[in-house]
There are 4 protein chains.
Amino acid sequence: MGRTTTATTAGPRPRADALRNRERIIDAARELAVQYGADAPLDEVARRAGVGNATLYRHFHDRSVLMRQVVLSVIERATGHAERAAAAEEDDPFEAVSRFAHTAVDERIGALCAMFSAGFDPYHPDLVQARERFDTAVDALMERARGAGQLRADSETGDLMVALSQLTRPLPGTTCPANDRFVHRHIQLLLDGLRAPARSTLQGSAVTLEDLRAAR
Amino acid sequence: MGRTTTATTAGPRPRADALRNRERIIDAARELAVQYGADAPLDEVARRAGVGNATLYRHFHDRSVLMRQVVLSVIERATGHAERAAAAEEDDPFEAVSRFAHTAVDERIGALCAMFSAGFDPYHPDLVQARERFDTAVDALMERARGAGQLRADSETGDLMVALSQLTRPLPGTTCPANDRFVHRHIQLLLDGLRAPARSTLQGSAVTLEDLRAAR
Amino acid sequence: MGRTTTATTAGPRPRADALRNRERIIDAARELAVQYGADAPLDEVARRAGVGNATLYRHFHDRSVLMRQVVLSVIERATGHAERAAAAEEDDPFEAVSRFAHTAVDERIGALCAMFSAGFDPYHPDLVQARERFDTAVDALMERARGAGQLRADSETGDLMVALSQLTRPLPGTTCPANDRFVHRHIQLLLDGLRAPARSTLQGSAVTLEDLRAAR
Amino acid sequence: MGRTTTATTAGPRPRADALRNRERIIDAARELAVQYGADAPLDEVARRAGVGNATLYRHFHDRSVLMRQVVLSVIERATGHAERAAAAEEDDPFEAVSRFAHTAVDERIGALCAMFSAGFDPYHPDLVQARERFDTAVDALMERARGAGQLRADSETGDLMVALSQLTRPLPGTTCPANDRFVHRHIQLLLDGLRAPARSTLQGSAVTLEDLRAAR
DNA sequence: TATGAATGAGTTTTCATTCAT
DNA sequence: AATGAATGAAAACTCATTCAT
């Protein structure tokens with residue numbers, strides 16, 4: 001509900017126009033990250049946000065800070081969807097998972113690919129906290145479907161999150177209008193793969209933060 | 001300095017060392033494409049191949065030519081696997097598809113992400129031809145499983161090819177040793193989603209070359 | 001007592017807090033000039049002074065105005081020391097010169113290096129006036145020692161002033177705690193060089209304002 | 001005698017034009033360092049050297065590498081002068097020291113101010129070695145004068161070296177044609193201060209490498 | 001032919017200075 | 001009057017591509 005993104009120390013005056021710029025920059029960065037990946041030129045981000053480049057740097061000291069905020073913003077939106085989906089008790093549990101997944105795609109969850117960038121710290125406290133809340137919400141959603149025998153027992157939250165962000169990763173260097181169409185198709189294949197009963201056993205385990213740490 | 005292999009036949013020779021350099025460069029480019037995507041620094045490719053940068057440019061006029069060769073090389077390898085898997089009649093048909101998919105991952109099919117780069121021409125004759133042969137082989141493989149009632153009816157070759165390359169796309173900017181592990185897990189989820197009977201209807205249709213053309 | 005630094009025309013209200021801010025800014029700028037030279041980031045000056053950057057610009061229209069005030073402030077302090085040293089008749093004359101020099105170092109006379117910056121106008125009336133008073137005081141001090149046969153005849157005020165500021169110039173980019181120690185050592189060497197009888201004839205003449213003008 | 005600056009590992013072919021560019025860049029950097037200090041814009045260095053900026057970066061990976069080479073080049077030239085002065089036995093020993101000092105000024109020893117830059121590593125092996133040879137040569141020169149009773153007993157090599165580089169440090173932001181004139185005057189004052197018999201005891205000790213280390 | 005060298009265009013980042021609250 | 005925010009210009013550094021040996 002509340003803005004969890006920023007404000008650990010209460011600064012004096014948030015100032016309305018600065019907040020608006022901040023949001024604009026994050027929005028522009030998210031769109032460009034979905035399109036070009038985490039290496040999107042920051043000058044272009046600023047241009048799209050309609051601000052000077054130095055304004056971007058005032059708000060976000062460097063690319064890694066900006067990208068963290070983008071990821072946080074995406075996770076928080078997705079968390080909201082997951083929590084609302086979990087709360088809608090009347091639904092068919094698998095449908096709830098499925099609707100959540102497709103919604104997350106439309107919410108540009110593919111921007112999470114920024115997490116895979118060099119220089120990105122997946123252990124930043126803000127991020128860990130956001131992930132915990134997200135995992136809790138998605139777990140609840142999946143657990144309900146699992147309990148109803150609709151989801152395979154060995155499925156994990158990470159399967160959904162990482163596969164979602166991989167499948168929705170931008171085709172680099174271009175906006176692909178076809179993207180949205182077949183991304184939903186592939187998501188559907190993945191969801192069907194998550195249905196119970198599993199006819200095959202998954203190999204390995206879902207990706208975890210430790211994997212990302214090891215990757216450095 | 002001298003040529004290490006002596007040519008015994010007269011006439012304009014392909015020159016053995018030049019061919020070897022060419023292969024080395026493609027190999028290095030494939031590894032770097034898997035790691036960094038299609039934007040891998042070409043000087044670094046040359047360095048890994050153990051040749052001077054200008055040698056790279058002699059063989060491949062620019063990055064798009066090199067990347068096309070990388071993609072061709074990957075497709076050709078994968079085609080070989082598909083053809084062999086289709087020929088092994090004794091197998092369980094779905095198993096054949098599955099084994100092919102996992103093998104393709106290990107063959108760095110993720111380098112196909114280069115196809116999504118700006119400047120890549122998916123209509124180059126060499127590529128069209130290679131894709132046709134690849135599609136034919138994979139179609140045969142999938143058709144066998146479809147005929148045996150093991151694969152959903154609305155599955156298409158493109159589902160496998162694009163989803164495979166998306167799921168195996170490198171985490172940019174870093175080597176992720178964990179990658180191989182969870183990639184196979186996600187591939188398995190996808191394959192399970194492709195099994196018949198489908199409990200849900202796929203939305204849209206698989207991505208085609210026309211989609212890529214439209215994306216430009 | 002009176003503010004000698006600025007205010008040729010009497011503005012309406014000096015306002016106590018504004019004056020305090022003004023002093024703080026000059027102090028901060030002097031410290032940073034000694035450390036980083038005349039190119040110290042002005043935002044950093046404001047931060048150290050505990051004011052907003054725009055406040056700095058309200059008081060000092062641009063960097064050159066601020067630096068002139070810093071130089072004025074340093075010259076005025078040094079003038080005070082020179083006048084007091086000259087008034088203390090009981091002293092050994094050379095000792096008085098020497099003590100003045102070492103004191104000036106501790107008073108951050110090194111900030112005078114700002115005078116050598118591009119954009120600095122050494123002919124600004126305020127500065128000319130301050131220099132005249134300073135030169136008068138130091139001349140008196142040196143003349144006394146010269147008259148007592150303790151200082152070489154060809155020594156000039158400029159020798160002391162410029163050499164002092166060069167020798168005390170900050171090692172750029174870093175705070176050097178060792179600085180203070182060896183600066184005094186070198187000052188002492190210089191002072192010994194100024195003693196009579198001179199065994200060598202100085203070449204050229206001391207630097208003058210005309211030299212600085214010619215330098216533009 | 002041989003070029004000690006580079007070539008620790010014997011690369012294959014030095015290539016004449018590359019060496020020429022390398023020298024040109026160092027020369028340009030030295031001149032600009034004398035003029036603007038160690039923060040001279042590297043693009044400007046390249047422009048003066050008559051090469052593209054990237055050529056500069058090919059030869060010197062970053063500013064600190066370039067500046068180290070500049071310092072090495074200056075030290076090596078000065079070493080040559082000191083060794084020749086020490087070898088000229090017929091001279092008056094103090095005159096030899098004096099002539100060396102004035103010559104070093106003309107050789108742009110002021111470029112040594114680059115050593116005071118942030119990011120400069122005074123412990124780089126090449127630099128330590130060059131300094132040792134320089135110190136040895138200057139020590140010999142000063143020792144001869146000390147032995148002849150012409151130089152105060154507590155004088156040290158560092159006094160000359162640091163004071164020289166401080167006194168000849170560029171007036172930042174401008175070429176000052178008057179500089180050469182009064183620099184020689186101040187050097188002369190310093191040299192006279194070094195003459196025996198000392199009438200005052202030097203305070204502290206000369207600056208050493210340890211001081212620079214402590215400064216970081 | 002193979003190669004190291006050269007280069008200009010592009011990107012990130014900093015900072016003096018102006019603007020709006 | 002005081003301030004935080006905004007901004008464009010500059011400067012370090014990278015890289016694809018061309019040139020000369």
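Worth knowing before you read on, the calculation uses all heavy atoms, side chains too, and leaves out hydrogens, waters and symmetry mates. On a predicted model such as this, the values are computed, not experimentally measured, just so you know. To find a chain, count down the sequence lines: A is the first, B the second, and so on, and within it residues start at 1.
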What integer distance in Å separates [X]:[atom1] from [N]:[atom2]?
X	N	atom1	atom2	result
A:Arg24	F:dA5	CZ	C1'	14 Å
A:Arg20	F:dG4	CZ	C1'	15 Å
B:Leu56	E:dT3	CG	P	11 Å
D:Asn21	E:dA6	CG	P	5 Å
C:Asp43	E:dT18	CG	P	13 Å
C:Arg63	E:dT18	CZ	P	13 Å
B:Phe60	F:dA16	CZ	P	15 Å
A:Asp39	E:dT12	CG	P	9 Å

Run the side-chain contact (heavy atoms from CB on, under 4.5 Å) check on A:Leu42 and A:Asn53 step by step: do they pass? CA-CA 7 Å; A:Leu42 295 191; A:Asn53 59 351; over 6 Å; no
Using modelled atom types only, decide if a donor and an acceptor are shared between the side chain of D:Asp62 and the backbone of D:Val65 within a distance under 3.5 Å.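 Pair found, side chain donor or acceptor close to backbone of D:Val65.
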Counting heavy atoms from C-beta on, name the nucleotide in [options] closest to the side chain of [X].
X	options	answer
A:Leu42	F:dT17, E:dT13, E:dA16	E:dT13
A:Arg58	F:dA5, F:dA1, E:dA5	F:dA5
D:Ala18	E:dA5, F:dA16, E:dT3	E:dA5
D:Tyr57	F:dT14, F:dA6, F:dT17	F:dT14

Which comes earlier along DNA chain F counting from the 5' end, the contact point of D:His61 or that of A:His59, where each point is its nearest nucleotide?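 This one resolves to A:His59.
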List for me each residue that meets salt bridge (Lys or Arg N to Asp or Glu O under 4.0 Å) alongside B:Arg48, sequence neighbours excluded, and say none if there are none.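 B:Arg48 satisfies salt bridge (Lys or Arg N to Asp or Glu O under 4.0 Å) with B:Glu44 once adjacent residues are dropped.
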With distance as the sole criterion, is a donor-acceptor pair present between the side chains of B:His59 and B:Arg22 under 3.5 Å?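 Side chains of B:His59 and B:Arg22: no pair found under 3.5 Å.
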Which atoms form the tightest heavy-atom contact between [X] and [Y], and what is the distance?
X	Y	value
A:Gly52	A:Ala46	O-CB, 3.9 Å
A:Ile26	A:Val70	O-CG2, 4.0 Å
C:Leu32	C:Ala40	CB-CB, 3.8 Å

Sorted by number, the residues of residues 44-55 of chain B with heavy-atom contact under 4.0 Å to DNA chain E: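 B:Val51, B:Gly52, B:Asn53, B:Ala54, B:Thr55 - these, ordered by number, are the residues of the stretch whose heavy atoms sit under 4.0 Å from the strand.
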State the OG1-CD1 distance between B:Thr55 and B:Ile25, to the nearest 0.5 angstrom.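 B:Thr55 OG1 to B:Ile25 CD1: 6.5 Å, rounded to 0.5 Å.
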Go ahead and write out DNA chain F as dot-bracket, 5' to 3': ( ) for pairs within the strand, [ ] for ones crossing earlier pairs, | when the partner sits on another strand, dots for unpaired; Watson-Crick or G-U wobble, both distances under 3.5 Å. .||||||||||||||||||||
Do the charged groups of A:Arg30 and A:Asp27 touch, with an N to O distance under 4.0 Å?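 Yes, charged N to carboxylate O under 4.0 Å.
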